[in-house]
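Whatever order the structure lists them in is the order used to number ligands and atoms, beginning at 1. Predicted, not measured: the structure shown is a model, and the values here were computed from it.
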Amino acid sequence: MEPTHVASGPGRVNLIGEHTDYNDGFVLPVALKRDIRFVFRPRTDRHVRLFSGDYNESLEFDLDAPAYIPERLWGNYIQGTAWSLEQTGLRLVGIDAVLGGNVPRGSGLSSSAAVEVGAAHAFLAASGLLDALPGPQIAKAAQRAENEFVGVNCGIMDQFISVLGKENHALLIDCRSLTYELVPMPEEAALVIGNTRASRSLASSAYNQRRAECERGVEILQATIPGIKALRDVSSAQLEAARAMMPDNIYRRCRHVVSENERVLHTVAAFSSGDLKTVGELMDASHESLRDDYEVSSPALDAMVAAMRSVPGVYGARLTGAGFGGCAVAMVAPGAEQTVADAIFDQYPKATSIWPEVYITRASDGAQVVRI
Ligand code: GLA
(Lines give C-alpha, C1' and ligand atoms only; values in the text may rest on other atoms or scores of the structure.)
Protein backbone atom coordinates (compact mmCIF):
# COMPACT_ATOMS: atom_id res chain seq x y z
CA MET A 1 0.00 0.00 0.00
CA GLU A 2 1.18 3.49 -0.85
CA PRO A 3 1.65 6.30 1.68
CA THR A 4 -1.04 8.98 1.62
CA HIS A 5 0.39 11.92 3.61
CA VAL A 6 3.56 13.68 4.69
CA ALA A 7 3.65 15.40 8.10
CA SER A 8 6.60 17.56 9.11
CA GLY A 9 7.82 19.30 12.26
CA PRO A 10 10.66 21.83 11.96
CA GLY A 11 13.60 22.41 14.30
CA ARG A 12 14.11 25.86 15.75
CA VAL A 13 16.66 28.48 16.57
CA ASN A 14 16.00 30.90 19.40
CA LEU A 15 16.95 34.53 18.66
CA ILE A 16 16.72 35.61 22.29
CA GLY A 17 14.98 34.60 25.55
CA GLU A 18 17.08 31.70 26.86
CA HIS A 19 16.17 29.77 30.00
CA THR A 20 13.13 32.00 30.39
CA ASP A 21 10.42 29.58 29.21
CA TYR A 22 10.34 27.50 32.41
CA ASN A 23 10.30 30.75 34.39
CA ASP A 24 6.95 31.72 32.81
CA GLY A 25 8.79 34.32 30.70
CA PHE A 26 9.22 35.41 27.09
CA VAL A 27 11.07 33.81 24.18
CA LEU A 28 11.64 34.82 20.54
CA PRO A 29 12.45 31.76 18.41
CA VAL A 30 12.08 31.07 14.68
CA ALA A 31 11.27 27.74 13.02
CA LEU A 32 14.04 26.42 10.77
CA LYS A 33 13.87 25.37 7.14
CA ARG A 34 14.98 21.97 8.44
CA ASP A 35 12.49 19.42 9.63
CA ILE A 36 11.64 15.81 10.49
CA ARG A 37 9.13 14.26 8.07
CA PHE A 38 6.75 11.36 8.50
CA VAL A 39 5.63 9.74 5.25
CA PHE A 40 2.62 7.71 6.36
CA ARG A 41 -0.74 6.13 5.76
CA PRO A 42 -3.48 5.76 8.36
CA ARG A 43 -4.47 2.28 9.53
CA THR A 44 -7.91 1.15 10.56
CA ASP A 45 -6.67 -0.48 13.79
CA ARG A 46 -4.60 0.85 16.72
CA HIS A 47 -1.27 -0.58 15.62
CA VAL A 48 1.73 1.64 14.75
CA ARG A 49 4.57 0.54 12.47
CA LEU A 50 7.58 2.86 12.17
CA PHE A 51 10.84 2.84 10.26
CA SER A 52 13.49 5.48 10.93
CA GLY A 53 15.64 6.11 7.87
CA ASP A 54 18.17 8.04 9.95
CA TYR A 55 18.68 5.18 12.43
CA ASN A 56 17.93 2.35 10.00
CA GLU A 57 15.71 0.82 12.70
CA SER A 58 12.08 -0.15 12.94
CA LEU A 59 9.63 -0.21 15.82
CA GLU A 60 6.06 -1.43 16.27
CA PHE A 61 3.73 -0.63 19.14
CA ASP A 62 0.08 -0.66 20.03
CA LEU A 63 -1.70 2.58 20.93
CA ASP A 64 -3.29 0.75 23.85
CA ALA A 65 0.09 -0.18 25.33
CA PRO A 66 2.83 2.39 24.65
CA ALA A 67 5.96 1.43 26.62
CA TYR A 68 9.32 3.16 26.99
CA ILE A 69 12.03 1.20 25.15
CA PRO A 70 15.62 2.14 26.16
CA GLU A 71 17.14 0.83 22.93
CA ARG A 72 14.76 2.82 20.67
CA LEU A 73 15.19 6.34 22.02
CA TRP A 74 13.84 7.95 18.82
CA GLY A 75 10.72 5.80 19.03
CA ASN A 76 9.96 6.90 22.59
CA TYR A 77 9.32 10.45 21.39
CA ILE A 78 6.68 9.05 19.02
CA GLN A 79 5.11 6.64 21.48
CA GLY A 80 5.08 9.43 24.07
CA THR A 81 3.39 11.81 21.67
CA ALA A 82 0.62 9.32 20.85
CA TRP A 83 0.16 8.61 24.59
CA SER A 84 0.07 12.32 25.40
CA LEU A 85 -2.45 13.17 22.65
CA GLU A 86 -4.76 10.48 24.03
CA GLN A 87 -4.35 11.99 27.51
CA THR A 88 -6.29 15.00 26.15
CA GLY A 89 -9.25 12.70 25.52
CA LEU A 90 -8.67 12.09 21.80
CA ARG A 91 -8.78 8.59 20.34
CA LEU A 92 -6.23 7.95 17.58
CA VAL A 93 -5.88 5.38 14.83
CA GLY A 94 -2.58 3.67 14.10
CA ILE A 95 -0.24 4.59 11.23
CA ASP A 96 2.42 2.99 9.05
CA ALA A 97 5.18 5.56 8.74
CA VAL A 98 8.73 6.12 7.55
CA LEU A 99 10.52 9.06 9.12
CA GLY A 100 13.69 11.00 8.50
CA GLY A 101 14.95 14.55 8.42
CA ASN A 102 17.73 17.08 8.36
CA VAL A 103 17.57 18.71 11.81
CA PRO A 104 21.02 18.04 13.27
CA ARG A 105 20.60 15.67 16.21
CA GLY A 106 21.67 16.58 19.73
CA SER A 107 22.81 20.01 18.61
CA GLY A 108 20.41 22.33 20.41
CA LEU A 109 18.18 22.89 17.36
CA SER A 110 15.30 20.88 18.85
CA SER A 111 15.35 17.72 16.80
CA SER A 112 13.34 16.09 19.62
CA ALA A 113 10.56 18.67 19.41
CA ALA A 114 10.59 18.27 15.61
CA VAL A 115 10.00 14.51 15.99
CA GLU A 116 7.22 15.03 18.54
CA VAL A 117 5.47 17.73 16.54
CA GLY A 118 5.81 15.83 13.25
CA ALA A 119 4.44 12.71 14.95
CA ALA A 120 1.58 14.65 16.55
CA HIS A 121 0.52 15.97 13.14
CA ALA A 122 0.78 12.52 11.56
CA PHE A 123 -1.42 10.93 14.24
CA LEU A 124 -3.94 13.79 14.24
CA ALA A 125 -4.22 13.85 10.44
CA ALA A 126 -4.53 10.06 10.25
CA SER A 127 -7.32 10.19 12.83
CA GLY A 128 -9.19 13.07 11.14
CA LEU A 129 -8.47 15.21 14.22
CA LEU A 130 -6.20 17.95 12.90
CA ASP A 131 -8.71 20.61 13.94
CA ALA A 132 -9.45 19.02 17.31
CA LEU A 133 -6.64 20.76 19.18
CA PRO A 134 -5.49 24.38 18.80
CA GLY A 135 -1.76 24.78 18.04
CA PRO A 136 -0.70 25.72 21.59
CA GLN A 137 -2.43 22.57 22.91
CA ILE A 138 -0.62 20.40 20.35
CA ALA A 139 2.61 21.99 21.61
CA LYS A 140 1.65 21.24 25.21
CA ALA A 141 0.89 17.63 24.35
CA ALA A 142 4.30 17.31 22.66
CA GLN A 143 6.00 18.87 25.69
CA ARG A 144 4.17 16.45 28.02
CA ALA A 145 5.45 13.55 25.89
CA GLU A 146 8.99 14.77 26.50
CA ASN A 147 8.49 15.61 30.20
CA GLU A 148 6.50 12.58 31.28
CA PHE A 149 7.18 9.79 28.77
CA VAL A 150 10.77 10.46 27.68
CA GLY A 151 11.71 12.01 31.04
CA VAL A 152 13.34 15.26 29.89
CA ASN A 153 12.26 18.30 31.88
CA CYS A 154 12.16 20.84 29.01
CA GLY A 155 10.03 24.00 28.79
CA ILE A 156 7.42 24.79 26.13
CA MET A 157 9.45 26.88 23.68
CA ASP A 158 10.71 24.23 21.26
CA GLN A 159 7.40 22.46 20.68
CA PHE A 160 5.51 25.74 20.49
CA ILE A 161 7.64 27.25 17.72
CA SER A 162 7.75 23.93 15.85
CA VAL A 163 3.93 23.96 15.71
CA LEU A 164 3.30 27.68 15.21
CA GLY A 165 6.35 29.08 13.38
CA LYS A 166 5.71 31.34 10.41
CA GLU A 167 7.81 32.03 7.33
CA ASN A 168 9.90 35.22 7.64
CA HIS A 169 8.70 35.78 11.19
CA ALA A 170 9.95 35.21 14.70
CA LEU A 171 7.38 34.36 17.37
CA LEU A 172 7.18 36.27 20.64
CA ILE A 173 5.77 33.63 22.99
CA ASP A 174 4.44 34.39 26.44
CA CYS A 175 5.26 31.08 28.11
CA ARG A 176 2.79 31.74 30.94
CA SER A 177 -0.37 32.51 29.00
CA LEU A 178 0.75 30.64 25.84
CA THR A 179 -0.31 33.63 23.77
CA TYR A 180 2.00 34.71 20.97
CA GLU A 181 2.68 37.49 18.52
CA LEU A 182 4.29 37.29 15.08
CA VAL A 183 7.34 39.52 14.76
CA PRO A 184 8.31 40.17 11.10
CA MET A 185 11.98 39.52 10.36
CA PRO A 186 13.29 42.51 8.40
CA GLU A 187 14.79 41.91 4.95
CA GLU A 188 18.10 43.18 6.35
CA ALA A 189 18.36 40.34 8.86
CA ALA A 190 19.83 36.99 7.81
CA LEU A 191 20.66 34.17 10.22
CA VAL A 192 23.82 32.09 10.42
CA ILE A 193 23.95 29.15 12.82
CA GLY A 194 27.27 27.69 13.93
CA ASN A 195 27.22 24.17 15.33
CA THR A 196 30.10 23.71 17.80
CA ARG A 197 29.78 19.92 17.50
CA ALA A 198 31.11 19.89 21.06
CA SER A 199 29.89 17.35 23.61
CA ARG A 200 26.76 18.38 25.49
CA SER A 201 27.10 15.70 28.13
CA LEU A 202 26.61 18.22 30.95
CA ALA A 203 23.51 19.71 29.45
CA SER A 204 20.70 17.70 31.05
CA SER A 205 22.04 17.58 34.63
CA ALA A 206 22.96 21.27 34.55
CA TYR A 207 19.60 22.15 32.99
CA ASN A 208 17.75 20.55 35.90
CA GLN A 209 20.11 22.21 38.36
CA ARG A 210 19.42 25.64 36.83
CA ARG A 211 15.68 25.03 37.05
CA ALA A 212 16.05 24.18 40.74
CA GLU A 213 18.17 27.30 41.33
CA CYS A 214 15.46 29.47 39.76
CA GLU A 215 12.82 27.85 41.99
CA ARG A 216 15.02 28.53 45.02
CA GLY A 217 15.32 32.15 43.91
CA VAL A 218 11.53 32.48 43.72
CA GLU A 219 11.15 30.99 47.23
CA ILE A 220 13.58 33.52 48.68
CA LEU A 221 12.01 36.43 46.79
CA GLN A 222 8.49 35.45 47.89
CA ALA A 223 9.45 36.58 51.40
CA THR A 224 9.75 40.20 50.29
CA ILE A 225 7.64 40.35 47.11
CA PRO A 226 4.28 38.81 48.04
CA GLY A 227 2.25 37.15 45.33
CA ILE A 228 5.03 36.32 42.88
CA LYS A 229 4.76 32.91 41.27
CA ALA A 230 7.81 32.88 38.99
CA LEU A 231 10.83 34.98 38.04
CA ARG A 232 8.62 36.42 35.31
CA ASP A 233 6.93 38.49 38.04
CA VAL A 234 10.15 40.07 39.31
CA SER A 235 11.66 43.36 38.08
CA SER A 236 15.36 44.18 38.10
CA ALA A 237 14.78 46.79 40.80
CA GLN A 238 13.00 44.26 43.05
CA LEU A 239 15.78 41.74 42.54
CA GLU A 240 18.46 44.29 43.41
CA ALA A 241 16.59 45.25 46.57
CA ALA A 242 16.59 41.58 47.68
CA ARG A 243 20.18 40.83 46.71
CA ALA A 244 21.53 40.71 50.28
CA MET A 245 19.09 37.89 51.14
CA MET A 246 20.31 35.61 48.36
CA PRO A 247 23.34 33.36 47.92
CA ASP A 248 25.43 34.88 45.11
CA ASN A 249 24.89 32.04 42.60
CA ILE A 250 21.10 32.15 43.09
CA TYR A 251 21.14 35.94 42.70
CA ARG A 252 23.08 35.66 39.42
CA ARG A 253 20.78 32.98 38.01
CA CYS A 254 17.82 35.23 38.80
CA ARG A 255 19.58 38.27 37.35
CA HIS A 256 20.01 36.41 34.06
CA VAL A 257 16.35 35.43 33.84
CA VAL A 258 14.96 38.82 34.90
CA SER A 259 17.26 40.76 32.54
CA GLU A 260 16.71 38.27 29.69
CA ASN A 261 12.94 38.75 29.87
CA GLU A 262 13.52 42.50 29.61
CA ARG A 263 15.88 41.96 26.66
CA VAL A 264 13.27 39.91 24.78
CA LEU A 265 10.68 42.68 24.99
CA HIS A 266 13.31 45.26 24.12
CA THR A 267 14.33 43.17 21.07
CA VAL A 268 10.76 43.03 19.81
CA ALA A 269 10.51 46.83 20.11
CA ALA A 270 13.85 47.25 18.29
CA PHE A 271 12.72 44.90 15.48
CA SER A 272 9.53 46.88 15.02
CA SER A 273 11.44 50.13 14.66
CA GLY A 274 13.95 48.48 12.29
CA ASP A 275 16.80 49.06 14.74
CA LEU A 276 18.93 45.98 14.04
CA LYS A 277 21.97 47.50 15.70
CA THR A 278 20.11 47.42 19.01
CA VAL A 279 18.84 43.88 18.34
CA GLY A 280 22.43 42.79 17.83
CA GLU A 281 23.58 44.48 21.03
CA LEU A 282 20.80 42.71 22.94
CA MET A 283 21.86 39.35 21.47
CA ASP A 284 25.44 40.04 22.55
CA ALA A 285 24.28 41.01 26.04
CA SER A 286 22.21 37.81 26.24
CA HIS A 287 25.31 35.73 25.52
CA GLU A 288 27.34 37.56 28.15
CA SER A 289 24.57 37.04 30.71
CA LEU A 290 24.28 33.31 29.87
CA ARG A 291 28.06 32.98 30.13
CA ASP A 292 28.71 34.98 33.31
CA ASP A 293 25.47 34.86 35.34
CA TYR A 294 23.72 31.68 34.20
CA GLU A 295 27.00 29.84 33.50
CA VAL A 296 25.72 27.68 30.64
CA SER A 297 28.21 28.68 27.96
CA SER A 298 31.39 26.71 27.22
CA PRO A 299 34.81 27.47 25.69
CA ALA A 300 33.54 26.06 22.38
CA LEU A 301 30.43 28.29 22.36
CA ASP A 302 32.50 31.33 23.33
CA ALA A 303 34.95 30.58 20.51
CA MET A 304 32.07 30.20 18.03
CA VAL A 305 30.53 33.51 19.11
CA ALA A 306 33.93 35.26 18.93
CA ALA A 307 34.48 33.98 15.37
CA MET A 308 31.01 35.17 14.33
CA ARG A 309 31.51 38.60 15.85
CA SER A 310 34.87 39.09 14.13
CA VAL A 311 33.21 39.80 10.77
CA PRO A 312 31.82 43.17 9.61
CA GLY A 313 28.10 42.93 8.92
CA VAL A 314 27.35 40.86 12.03
CA TYR A 315 24.82 42.63 14.23
CA GLY A 316 25.17 40.25 17.16
CA ALA A 317 25.78 36.62 18.13
CA ARG A 318 24.91 34.40 21.04
CA LEU A 319 24.58 30.80 22.14
CA THR A 320 21.12 29.40 21.42
CA GLY A 321 19.21 26.64 23.23
CA ALA A 322 20.18 25.13 26.56
CA GLY A 323 23.95 25.72 26.20
CA PHE A 324 27.01 23.64 27.17
CA GLY A 325 27.68 22.98 23.48
CA GLY A 326 25.23 22.86 20.62
CA CYS A 327 24.82 25.95 18.47
CA ALA A 328 25.29 29.70 18.38
CA VAL A 329 23.26 32.05 16.19
CA ALA A 330 24.33 35.28 14.53
CA MET A 331 22.12 37.91 12.96
CA VAL A 332 23.94 39.31 9.95
CA ALA A 333 23.42 41.65 7.03
CA PRO A 334 22.31 39.70 3.93
CA GLY A 335 25.39 39.11 1.79
CA ALA A 336 27.65 38.64 4.83
CA GLU A 337 26.64 34.99 5.43
CA GLN A 338 29.49 33.40 3.52
CA THR A 339 32.09 35.69 5.12
CA VAL A 340 30.77 34.67 8.54
CA ALA A 341 30.92 30.99 7.58
CA ASP A 342 34.50 31.46 6.30
CA ALA A 343 35.52 33.13 9.59
CA ILE A 344 33.98 30.26 11.58
CA PHE A 345 35.78 27.60 9.53
CA ASP A 346 39.03 29.54 9.85
CA GLN A 347 38.99 30.54 13.51
CA TYR A 348 36.86 27.99 15.38
CA PRO A 349 38.94 24.84 14.66
CA LYS A 350 42.11 26.69 15.67
CA ALA A 351 40.54 27.54 19.04
CA THR A 352 38.94 24.15 19.73
CA SER A 353 40.41 21.45 17.44
CA ILE A 354 36.81 20.66 16.43
CA TRP A 355 35.47 20.93 12.88
CA PRO A 356 32.17 22.86 13.04
CA GLU A 357 29.10 22.92 10.83
CA VAL A 358 27.43 26.08 9.57
CA TYR A 359 23.81 26.47 8.48
CA ILE A 360 22.44 29.52 6.71
CA THR A 361 18.73 29.71 7.28
CA ARG A 362 15.59 31.83 7.26
CA ALA A 363 12.51 31.76 9.45
CA SER A 364 10.17 29.08 8.16
CA ASP A 365 6.62 27.83 8.65
CA GLY A 366 5.74 25.48 11.49
CA ALA A 367 4.37 21.94 11.17
CA GLN A 368 2.63 20.93 7.94
CA VAL A 369 0.55 18.04 6.71
CA VAL A 370 0.43 17.46 2.95
CA ARG A 371 -1.67 14.89 1.12
CA ILE A 372 0.35 12.93 -1.45
C1 GLA B 1 16.04 23.72 25.81
C2 GLA B 1 14.62 23.45 26.31
C3 GLA B 1 13.75 24.70 26.16
C4 GLA B 1 14.42 25.92 26.79
C5 GLA B 1 15.87 26.05 26.32
C6 GLA B 1 16.62 27.15 27.03
O7 GLA B 1 16.00 23.96 24.44
O8 GLA B 1 14.05 22.39 25.59
O9 GLA B 1 12.49 24.47 26.74
O10 GLA B 1 14.35 25.86 28.19
O11 GLA B 1 16.60 24.84 26.49
O12 GLA B 1 16.10 28.39 26.71
Side-chain angles (χ1 to χ4, degrees), residues 9-32 34 36 77 80-81 103-117 136 139-165 170-176 178 180 193 195-196 200-215 230-232 253-254 256-261 263-264 267 282-283 286-287 289-291 293-298 301 318-329:
R12 66 99 187 89
V13 66
N14 189 19
L15 300 184
I16 195 161
E18 219 65 83
H19 291 278
T20 45
D21 63 351
Y22 54 82
N23 289 298
D24 275 5
F26 302 104
V27 294
L28 189 68
V30 307
L32 295 179
R34 286 172 173 263
I36 307 286
Y77 293 96
T81 298
V103 185
R105 285 201 295 264
S107 298
L109 299 178
S110 298
S111 58
S112 320
V115 172
E116 291 151 8
V117 168
K140 280 207 76 138
Q143 182 200 15
R144 183 171 50 229
E146 185 142 349
N147 292 167
E148 294 178 27
F149 196 91
V150 179
V152 175
N153 205 11
C154 63
I156 188 68
M157 166 169 70
D158 306 344
Q159 294 79 8
F160 202 101
I161 184 67
S162 184
V163 175
L164 288 146
L171 216 58
L172 169 65
I173 306 168
D174 178 333
C175 297
R176 169 172 279 167
L178 297 190
Y180 60 98
I193 298 171
N195 186 347
T196 63
R200 295 172 77 221
S201 50
L202 266 177
S204 67
S205 58
Y207 186 88
N208 290 338
Q209 191 190 5
R210 292 297 178 279
R211 287 190 73 140
E213 288 166 344
C214 290
E215 282 162 24
L231 290 177
R232 151 74 176 276
R253 305 301 186 247
C254 295
H256 166 70
V257 174
V258 169
S259 63
E260 185 80 349
N261 274 325
R263 278 188 290 273
V264 175
T267 300
L282 290 160
M283 291 175 74
S286 169
H287 184 79
S289 177
L290 288 159
R291 184 190 63 202
D293 275 355
Y294 219 63
E295 296 185 275
V296 294
S297 190
S298 66
L301 279 165
R318 57 183 287 282
L319 73 85
T320 186
F324 293 103
C327 290
V329 60

N or O contact, Asn14 vs ligand 1, cut-off under 3.5 Å: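 Asn14 vs ligand 1: no N/O contact under 3.5 Å.
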
Side-chain (Arg318) to main-chain (Leu15) donor-acceptor, under 3.5 angstrom: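 Checked: pair present.
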
Check: Ser162 side chain, Phe160 main-chain N or O, donor-acceptor pair, under 3.5 Å: no

Which atoms from ligand 1 have a heavy atom of [X] less than 4.0 Å away?
| X | answer |
| --- | --- |
| Asp21 | 3 (C), 4 (C), 9 (O), 10 (O) |
| Gly155 | 9 (O) |
| Tyr22 | 10 (O) |
| Glu18 | 6 (C), 12 (O) |

Plane angle bin for Tyr294 and His256 - parallel if under 30°, tilted between 30 and 60°, otherwise perpendicular: tilted

Tyr207 and Tyr22 aromatic ring geometry - parallel, tilted or perpendicular at 30°/60° bounds: perpendicular

Proximity to ligand 1 by part of Arg12, non-hydrogen separation under 4.0 Å: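 Side chain only.
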
Side-chain donor-acceptor pair present, Thr267, Arg263, cut-off under 3.5 Å: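 No, no side-chain donor-acceptor contact under 3.5 Å.
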
Top protein contact for atom 8 (O) of ligand 1, by heavy-atom distance: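 For this ligand atom, the closest protein heavy atom is Asp158 OD2, 2.6 Å.
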
Atom 5 (C) of ligand 1 - nearest protein heavy atom and its distance: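 In this structure, atom 5 (C) of ligand 1 has Met157 CE, 3.8 Å as its nearest protein heavy atom.
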
Test: Arg253 and Glu295 ion pair at under 4.0 Å: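 Looking at Arg253 and Glu295, the cut-off is met.
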
